[in-house]
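Note that the coordinates shown come from a computational prediction; the quantities given were computed from them, not determined experimentally. Residue indices begin at 1 and follow the sequence shown. What's counted below: heavy atoms across the whole structure, side chains too, no hydrogens, waters or symmetry copies.
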Amino acid sequence: MSIAPFNLERFYARYEFEVPYIMCSSDPESFSIEELLSFESGSIDEFKKQWLGYTETKGNPKLRSEITKLYKDIKEENIIVHAGAEEVIFVFMNSMINPDDHVIVHFPNYQSLEEIARFKGAEITRWETKEENDWELDTEFLKKAIKKNTRCIIINFPHNPTGYLPSKEKLNEIIEIARKHNIYIFSDEVYRFLEYDNNDRLPAICDLYENGVSVGVMSKAFALPGLRIGWVATRNKEVLEKMAMFKDYTTICSSAPSEYLAIIGLKNKEKILKRNLGIISENLNKLNEFFNRHKSLFNWKKPKAGTIAFPSIKKEINIEDFCLDLINKKGLMLLPGTKYDFGTKNFRIGFGRKNLPLCLNKLEEYLVTSSSSISKIRF
Ligand SMILES: Cc1ncc(COP(=O)(O)O)c(C=O)c1O
């Protein structure tokens with residue numbers, strides 16, 4: 001069995017560095033090394049002195065110490081640093097999921113959260129959500145979906161692509177179901193800390209559940225994807241041991257300069273988060289106005305967290321054709337929901353970048369001046 005192409009990543013690989021206006025990014029506006037180092041006095045000289053030998057396979061202890069501050073009951077020994085969240089997903093699925101296992105996964109989803117378990121031979125049940133139900137997860141479905149061999153429930157809050165964030169009560173319900181059946185919860189929390197209201201922030205699964213596995217990364221909330229620094233945090237020793245063993249076959253250890261820069265990023269997380277949430281808030285105001293002007297064309301609901309949402313088009317048109325026409329005519333990229341294997345109407349929009357107003361103008365121009373050559377629809 002060969003692994004299926006990662007559709008979203010293939011779409012990005014084709015267009016991201018060719019198209020001038022990208023309006024579907026999930027990572028917020030990033031920083032230069034110079035800007036990042038300016039947050040910490042003395043760090044330029046310190047950065048130059050960083051040793052370029054191998055680092056600890058579990059991750060630089062100072063970095064792990066900064067990471068523990070994102071959690072309540074997590075210690076340095078509960079963390080393993082990886083090359084981005086993507087490596088955490090790959091290593092967890094490879095070390096913990098077996099061919100006889102059954103896995104339940106939040107859907108739509110960032111494809112690797114489902115695909116690697118399938119590639120390992122596990123049986124997959126998609127825990128489907130719908131736009132008309134505000135992407136709400138139904139725990140009655142979850143209870144019925146559990147089988148004798150269910151090994152893991154895979155969730156992602158705040159969610160890619162819908163922006164869905166459940167209540168604390170809903171999260172506790174999911175944990176109780178998992179606990180009753182002794183099932184792991186693998187929780188992708190890469191957009192955590194980007195809640196628009198701090199009261200909506202969920203505790204991390206590794207703090208709430210003894211068999212909970214949390215994924216964090218510098219790429220999203222902290223806007224530093226080029227560092228390729230992510231981590232797993234869990235109190236489950238078996239998971240940590242198995243993942244550490246598997247990681248010896250992937251990256252062994254992280255990039256030393258990246259670990260140093262990640263420490264600076266985390267030490268200054270309040271400044272970074274404030275700046276990111278400021279950009280997001282301004283962009284969301286613009287998006288609300290835009291979608292109000294185009295109510296007849298799009299279904300839109302502002303999410304509670306994160307940098308992305310998954311609105312849909314009301315017209316009789318395949319969203320992939322719409323997105324490709326938009327790229328061709330305006331050099332503007334939106335991500336069609338077809339890349340999530342999710343119908344032909346939804347598309348991912350990203351609002352963490354400073355150029356959103358410019359991108360939105362391009363979209364507006366397209367809607368006002370174009371009639372779609374592919375469908376003969378006048379927008
Ligand atoms: C939900 C989710 N998990 C994991 C990743 C992978 O993150 P990274 O690129 O930092 O490895 C992404 C990236 O878009 C994501 O959206």
Side-chain angles (χ1 to χ4, degrees), residues 3-16 22 24-28 82-94 96-97 103-120 122 124-131 135 137 152-166 174 184-194 202 204-205 213-223 225 228-232 303-311 319 323 333-343 346-352:
I3 198 156
F6 198 143
N7 293 322
L8 175 162
E9 297 296 346
R10 288 293 92 212
F11 192 77
Y12 261 80
R14 166 73 183 81
Y15 294 111
E16 185 180 8
I22 315 275
C24 49
S25 307
S26 59
D27 46 319
H82 286 73
E86 192 63 18
E87 193 192 19
V88 178
I89 299 169
F90 187 77
V91 170
F92 175 85
M93 300 298 166
N94 273 287
M96 298 307 298
I97 305 297
V103 163
I104 300 170
V105 57
H106 189 171
F107 184 81
N109 56 43
Y110 184 67
Q111 195 177 336
S112 52
L113 292 171
E114 168 175 330
E115 198 58 49
I116 302 169
R118 177 177 289 111
F119 179 59
K120 285 282 295 182
I124 309 288
T125 297
R126 285 176 166 178
W127 190 4
E128 286 209 32
T129 58
K130 295 197 170 110
E131 187 176 23
W135 307 110
L137 281 168
C152 190
I153 299 167
I154 300 168
I155 51 179
N156 166 216
F157 313 140
H159 184 238
N160 177 357
T162 65
Y164 168 71
L165 182 67
I174 297 170
Y184 290 107
I185 298 182
F186 183 81
S187 174
D188 183 325
E189 297 164 2
V190 299
Y191 299 96
R192 186 162 170 258
F193 299 104
L194 287 179
L202 297 172
I205 207 86
V213 180
S214 292
V215 185
V217 82
M218 295 308 295
S219 310
K220 309 296 178 180
F222 307 110
R228 308 310 299 132
I229 293 286
W231 57 86
V232 63
K304 284 201 271 181
T307 47
I308 46 181
F310 205 43
I319 198 65
C323 291
M333 182 169 148
L334 290 170
L335 181 63
T338 46
K339 300 301 168 199
Y340 283 85
D341 192 21
F342 191 83
N346 293 81
F347 59 97
R348 186 173 96 177
I349 192 160
F351 38 82

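Summarising the geometry of Thr338 relative to Gly343, their closest heavy-atom pair is CG2-O, 3.4 Å, with the distance given to 0.1 Å. Summarising the geometry of Ser25 relative to Ile308, their closest heavy-atom pair is O-CG2, 3.7 Å, with the distance given to 0.1 Å. The heavy-atom pair separating Pro5 from Gln111 by the smallest distance is O-NE2, 2.9 Å. Contact detail for Ile319 and Gly337: the closest heavy-atom pair is CG2-N, 3.9 Å. In plain terms, the two heavy atoms of Trp127 and Ile153 that are nearest each other are CZ3-CG2, 4.3 Å. Counting all heavy atoms, side chain and backbone alike, Pro28 lies closest to Ser219 at CD-O, 4.0 Å.
Note: Ser26 OG to Phe351 CZ = 11.0 Å, rounded to the nearest 0.5 Å. Here His82 contributes atom NE2 and Phe92 contributes atom CZ; the two are 11.0 Å apart, rounded to the nearest 0.5 Å. Residue Cys323 holds its SG atom at 9.5 Å from NZ of Lys339, rounded to the nearest 0.5 Å. Atom CD1 in Ile229 sits 8.5 Å away from atom CE in Met218 (nearest 0.5 Å). To the nearest 0.5 angstrom, Asn346 atom CG is 4.5 Å from Glu131 atom CD. In this structure, Glu9 CD and Arg14 CZ are separated by 16.0 Å, a value rounded to the nearest 0.5 Å.
For Arg10, the CZ atom counts as loosely surrounded, since its 6.0 Å shell holds 12 or fewer non-hydrogen atoms of other residues, nucleotides or ligands.
For Arg348 (side chain) and Phe310 (main-chain N/O), no donor-acceptor pair under 3.5 Å exists by modelled atom type.
Between Lys220 and Asp188 there is no salt bridge, since none of the side-chain N atoms of the basic residue sits less than 4.0 Å from a carboxylate O of the acidic one.
A 4.5 Å side-chain heavy-atom check between Pro303 and Thr162 finds every atom pair outside the cut-off. Asn94 is listed as a side-chain neighbour of Lys120, based on a closest heavy-atom distance under 4.5 Å. Within the 4.5 Å cutoff, the side chain of Ile155 has no heavy atoms near those of the Phe186 side chain. A heavy-atom distance below 4.5 Å is not found between the side chains of Leu165 and His159. Contact of the Met333 side chain with the Ile22 side chain is registered, since non-hydrogen atoms from C-beta on lie closer than 4.5 Å. The side-chain heavy atoms of Ile154 and Tyr184, taken from C-beta on, include no pair separated by under 4.5 Å. Under the 4.5 Å side-chain criterion, counting only non-hydrogen atoms from C-beta, Leu334 is in contact with Ile349. Looking at Leu113 and Asn156, their side chains come closer than 4.5 Å, going by heavy atoms from C-beta outward.
Here the two rings, on Phe347 and Tyr340, have centers that are 6.0 Å apart or farther.
For Phe157, the ring pair (Phe, Tyr, Trp, His ring centres under 6.0 Å) partners at least two apart in sequence or on another chain are His106, Tyr164.
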Inset, instruction - Would you sort out whether Tyr12 and Leu335 count as a side-chain contact (heavy atoms from CB on, under 4.5 Å), showing the intermediate values? - result: CA-CA 9 Å; Tyr12 261 80; Leu335 181 63; 4.3 Å; yes
Legend entry - CA sep, side-chain torsions, deciding dist, call: Ser112, Phe90, side-chain contact (heavy atoms from CB on, under 4.5 Å): CA-CA 8 Å; Ser112 52; Phe90 187 77; over 6 Å; no
Inset, instruction - Go through the steps for Ile174 and Ile185 under the test side-chain contact (heavy atoms from CB on, under 4.5 Å), then give the verdict. - result: CA-CA 9 Å; Ile174 297 170; Ile185 298 182; 4.1 Å; yes
Inset, instruction - Start with the C-alpha gap between Ile97 and Val103, add the side-chain angles, then the distance that decides, and say whether side-chain contact (heavy atoms from CB on, under 4.5 Å) holds. - result: CA-CA 8 Å; Ile97 305 297; Val103 163; 3.9 Å; yes
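Between Trp135 and Phe342, the two ring planes are tilted [angle within 30° to 60°].
Of the N and O atoms on the side chains of Tyr110 and Glu115, not one donor lies less than 3.5 Å from an acceptor on the other residue.
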